[in-house]
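As the structure lists them, so they are numbered: ligands from 1, and atoms in each ligand from 1.
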Amino acid sequence: MTEFERQLTRRRLLELGLALPPLAVLAGSDLFAPQALAATPEILDADDDPTPALTEGPYFTPSSPKRRSILPAGAAGTRMTLTGRVLTTTGRPVANALIDWWQADARGEYDNSGYRFRGHQLTNARGRYSLFSVVPGLYPGRTKHIHVKVQAPRKPALTTQLFFPGVAANRSDGIFTSECLVRRWRTTNGRRLATFDFVLDV
Ligand SMILES: [Fe+2]
C-alpha cells in the first residue's frame, strides 16, 4: 500500500466513523471543533439560570452594618463560612454588588431590635464575597435558611434565601427550593464551609 492509499483508507475509515485518531490529532483538526462547540451552550445554560427570588419574610431590617462577619462576639452555634460570587446570566462577575444578609441565631431567634446576625458587604473586583456566621437554627414552620438581598449597582435587588443540605425540614418547608441549596457543604476543623454563586438577571 502506498502512502497515498494509506491516507485514502484512513480518510474513508474516518468518514465511516470507524477510526478514532488520537486526541492530539483531533484537537488540531476541524473534526474536534464541532464537538467542542456543541457542548459549550449546554454547560452555560445549566450554570446561568438566574437565582430564584424567594419571599423576604417579616424580619428584614434596613441599614445593617457593613461587615463580612455577622457573628456577634461569644455567640453560640456551629461556625460557618460561606463564600461565592455574584454573576450575570452570561457568567460575568459583578463587582461592587451589595449583599445584605439576615438570619436567625443558632436557637432560631432573630434580633429584631438590633443587628445581631445582620450585615451587608460589597463583592470585590472578581465578584467574590465571604460571609462568616453560624449555621442558623430552626424556628417553627421553617427549615434552616439565611435571608439575603443581592443587588448589582444601579439594578433592582434580588431577595432570596439559602438552604442547607441534609436538613429534614427541607422536605416540609413551603419556601424551600433545591436551586438555593448551598454547594460543597462540608466540615473542616469543626467549621462548616459552603459556597454559593448568585446569578442575577441583569
Ligand atoms: Fe427567616
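Within the structure, salt bridge (Lys or Arg N to Asp or Glu O under 4.0 Å) pairs that include any residue of residues 130-159 comprise E56-K149, R142-D173 (at least two apart or interchain).
Using a 30° and 60° split on the angle between ring planes, Y139 and Y110 fall in the perpendicular class, above 60°.
Under 3.5 Å, the side chains of S133 and Q103 contain a donor-acceptor pair of N or O atoms.
Residues T88 and V202 come closest through the heavy atom pair CG2-CG2, 3.9 Å.
Legend: protein N/O/S atoms lying under 2.8 Å from the Fe ion (ligand 1), waters omitted, number 4.
Between V86 and R128, the closest side-chain pair of non-hydrogen atoms is not below 4.5 Å.
For W185 and F164, the ring centers sit closer than 6.0 Å to each other.
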